[in-house]
Trainee: 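My questions will all concern the structure given below.
Position 1 is the first residue of the sequence; numbering continues from there. A quick note: this is a predicted structure, and the numbers were derived from the prediction, not measured.
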Amino acid sequence: MFNLVSLMLEKVGIIVIVAFLLSQMKSFRHIVHGERNVTERIWLIVLFGTFGVISNYTGIEIHHDTIHRVDWITEINPDNAIANTRVMGVVIGGLIGGPIVGIGAGVLAGVHRLTLGGFTAVACAISTLLAGVVAGYYGKKRRKGRKKITPLYAVKIGMILEAVQMLIIVIVAKPFEQAAKLVEIISIPMILVNGFGTLLFMLIIQSMMRDEERARANQTNQAFHIADQTLPYFRQGLNPSSCQQISEIMLQLTDADAVAITDDRQILSHVGAGADHHILNMELATGLTKEVLESGRVAIAQVKEEIYCFQKDCPLQAAIVLPLKVQNKTVGTLKMYFTDPAKLDQVHKELAEGLANLFSTQLELAEAEQQTKLLKDAEIKALQAQIHPHFLFNSINTISVLCRTDVEKARKLLIELSSFFRSNLQGARQMMIPLEKEIEHVKAYLSLEQARFPDVYHLSLHIEPGLNQVLIPPFTLQPLVENAINHAFTRRNHNKGTILIDISSQNKMIHIIVQDNGKGIEEERRRELGHRTVSSKKGTGTALFNIHERLIGIYNGQAQLTIQSELNVGTKIIISIPLHSKGVFEQHVTSIHSR
């Protein structure tokens with residue numbers, strides 16, 4: 001028995017070595033790992049059926065109770081039988097490929113065993129076919145239950161079916177005494193060794209699948225990492241500045257030797273090899289790019305001639321060019337170049353295609369975001385361009401009275417009114433202004449109000465050093481101060497109204513607090529303010545709602561507006577804005593005060 005076990009382990013080693021070599025082939029990995037069509041099922045039938053055939057040829061011939069060692073069996077004496085690993089390959093094929101593969105491999109290996117002869121030929125052929133049917137059934141059942149076919153599960157099925165084969169030999173093979181004696185000799189070695197071989201075979205397949213899953217996971221992580229790094233720049237659209245940053249990031253995070261991005265007319269960026277003649281703002285330099293722009297499909301060049309570069313000594317030898325689409329229209333291309341064609345493998349192709357899809361989606365989102373922002377911008381500018389007529393008339397009336405009583409003060413108020421007008425114009429033209437300009441707007445407004453109602457309001461201002469040039473949306477502070485004056489204070493109250501503006505930075509955020517000591521806001525009304533307009537005798541809450549909507553639109557949900565209030569104590573409004581630019585729509589801000 002031990003001699004037979006050692007000989008069979010030697011035969012199992014041959015099958016395992018073949019399985020290992022196959023596991024290194026991409027085509028085998030794809031067939032085993034993926035969904036299988038008819039062609040791939042046929043390949044699996046041939047493959048695992050061939051394992052059975054090899055097992056037949058390399059089996060160990062048994063004559064009564066004597067072992068005959070033959071290197072390659074082509075024919076078996078009518079009184080003899082063989083011990084082999086035929087069932088192992090058929091069982092694994094059925095478990096992996098399902099009933100069709102199991103039956104096909106069983107027929108192939110079983111018919112071949114029948115042709116070799118021997119008194120167990122019919123019994124072995126029947127048991128091989130049965131093993132394929134049963135293994136295929138349980139493999140399909142396992143997948144339907146969304147359970148993995150583990151190596152131990154495969155070993156269990158394989159050993160059971162090997163034991164069934166021994167039973168079929170006893171029942172079918174004649175003479176019975178010889179069959180029983182054969183089973184007594186080969187049953188335990190074949191069951192154990194085939195179980196061990198199945199374990200090794202399945203461990204190889206399991207390792208192969210894990211490698212595939214790990215590679216896909218790494219590729220997905222890499223794609224998302226690149227997408228995360230490039231997202232802020234894609235949100236700026238396709239322009240030389242953003243595309244340069246995107247290309248540099250991709251060159252750093254991939255194995256490409258050069259990365260380029262174009263729109264539908266010219267090169268927007270080219271980083272890496274060939275940068276000496278693939279120049280920014282130059283007309284499209286390769287025929288491959290033009291082909292992708294026209295067809296809207298991915299193009300791959302495996303040799304230098306397929307790139308169609310006009311420069312003869314261009315170092316770029318291979319390329320993959322992908323279309324960047326917005327609403328199914330090709331607006332540009334993403335290109336990854338390689339100086340060695342061997343580097344352009346399937347992994348890079350899949351990565352590039354995934355990135356192109358992600359980038360196209362980001363461009364579509366950026367355009368949609370831009371359209372939404374432009375709409376909000378138009379609405380906001382229309383509101384900012386409107387100056388309350390009664391405020392203007394009241395200010396002019398106040399100044400006209402002072403022209404007779406205090407000329408110097410009237411002159412200062414005219415300057416403040418001019419500054420107020422200028423700030424309104426600035427807010428109507430720009431989406432972001434320096435904080436110091438917004439403070440000037442607040443002071444101009446408050447000066448005009450204090451001229452009308454002397455000693456009624458007091459402004460306390462605290463700004464952390466270094467924040468004066470931080471950019472914020474215009475009309476962020478002035479409406480809050482105006483709200484406090486119009487709604488927080490009653491002019492019959494003998495207590496002076498105090499408005500505190502405190503601006504500081506913490507955790508990469510700028511925090512703006514506007515606080516008053518007025519009458520406060522009822523809790524039910526406080527919950528609504530900023531989220532919708534409300535009905536009121538003195539106002540609608542439009543200012544707070546507009547500020548809140550602007551913060552969401554400009555900072556993509558990263559800014560916050562919080563309202564805290566207590567009746568007869570006062571109200572505190574807190575605005576938090578990110579100091580960094582990631583996720584913020586970039587603006588080129590130029591103050592009209594510098595013109």
Side-chain angles (χ1 to χ4, degrees), residues 26 215 218-231 233-234 237-325 330-360 362-363:
K26 290 183 179 179
N218 290 338
Q219 183 177 318
T220 301
N221 288 337
Q222 184 182 15
F224 280 125
H225 180 55
I226 293 172
D228 179 64
Q229 295 294 313
T230 56
L231 172 60
Y233 303 107
F234 269 111
L238 293 179
N239 61 69
S241 176
S242 63
C243 291
Q244 180 73 14
Q245 295 292 335
I246 294 166
S247 297
E248 289 177 355
I249 290 170
M250 287 196 61
L251 186 67
Q252 180 182 358
L253 298 180
T254 66
D255 292 331
D257 296 303
V259 176
I261 298 175
T262 75
D263 59 16
D264 55 354
R265 293 176 292 104
Q266 61 185 0
I267 300 171
L268 297 177
S269 68
H270 185 105
V271 177
D276 57 329
H277 60 277
H278 293 268
I279 303 170
L280 184 67
N281 296 327
M282 179 181 177
E283 289 188 4
L284 301 177
T286 65
L288 195 63
T289 304
K290 296 176 182 177
E291 179 186 322
V292 172
L293 287 170
E294 292 172 0
S295 66
R297 294 191 296 270
V298 177
I300 298 173
Q302 298 283 7
V303 295
K304 180 179 180 179
E305 289 71 23
E306 293 177 351
I307 299 178
Y308 306 123
C309 181
F310 65 88
Q311 192 83 3
K312 290 184 179 180
D313 58 348
C314 180
L316 306 176
Q317 301 291 321
I320 179 167
V321 183
L322 304 113
L324 297 175
K325 297 183 178 181
T330 304
V331 298
T333 63
L334 168 67
K335 302 186 286 185
M336 296 173 65
Y337 290 107
F338 301 87
T339 56
D340 181 3
K343 293 175 67 175
L344 181 51
D345 55 15
Q346 188 62 33
V347 173
H348 280 98
K349 292 174 186 176
E350 293 178 2
L351 173 63
E353 290 179 10
L355 287 173
N357 291 332
L358 281 172
F359 292 164
S360 294
Q362 293 301 335
L363 285 174

Trainee: Mark yes or no for whether Ser247, through its side chain, and Cys243, through its backbone, hold a donor-acceptor pair below 3.5 Å.
Mentor: yes
Trainee: To the nearest 0.5 angstrom, please state how far the CG atom of Asp257 sits from the CG atom of Leu316.
Mentor: 8.0 Å
Trainee: Quick one: does Leu238's side chain get under 4.5 Å of Thr262's, heavy atoms only?
Mentor: no
Trainee: Over all heavy atoms of both residues, which pair between Ala318 and Pro341 is shortest? Give the atoms and the distance, please.
Mentor: CB-CA, 3.7 Å
Trainee: Identify the two heavy atoms, one from Val292 and one from Ala299, that lie closest to each other, and give their separation to 0.1 Å.
Mentor: CG2-CB, 3.4 Å
Trainee: Give the minimum heavy-atom separation between Pro323 and Thr330, together with the two atoms involved.
Mentor: CB-CG2, 3.9 Å
Trainee: Say you draw a straight line from CG of Leu293 to NZ of Lys290; how long is it, rounded to the nearest 0.5 Å?
Mentor: 10.0 Å
Trainee: Do you see a donor-acceptor pair shorter than 3.5 Å between the side chains of Glu248 and Gln244?
Mentor: yes
Trainee: Given Thr333, which of Ile261, Val298, Thr289 fulfils the side-chain contact (heavy atoms from CB on, under 4.5 Å) condition?
Mentor: Thr289
Trainee: Just so I know, are the side chains of Tyr233 and Ile249 near enough to count as touching, which here means a heavy-atom distance under 4.5 Å?
Mentor: yes
Trainee: Tell me, please, which residues at least two apart from Thr254 pass side-chain contact (heavy atoms from CB on, under 4.5 Å).
Mentor: Gln222, Ile226, Ala256, Met336, Leu351
Trainee: Taking Lys335 for the side chain and Ala319 for the main chain, is one N or O donor matched with an acceptor at less than 3.5 Å?
Mentor: no
Trainee: Output the distance between atom NE2 (His225) and atom CG (Leu253), rounded to the nearest 0.5 Å.
Mentor: 4.5 Å
Trainee: Look up atom CZ in Phe359 and atom CG in Leu322, then write down how far apart they are to the nearest 0.5 Å.
Mentor: 10.0 Å
Trainee: Mind checking the CG-CG spacing from Asp263 to Leu268? Nearest 0.5 Å is all I need.
Mentor: 4.5 Å
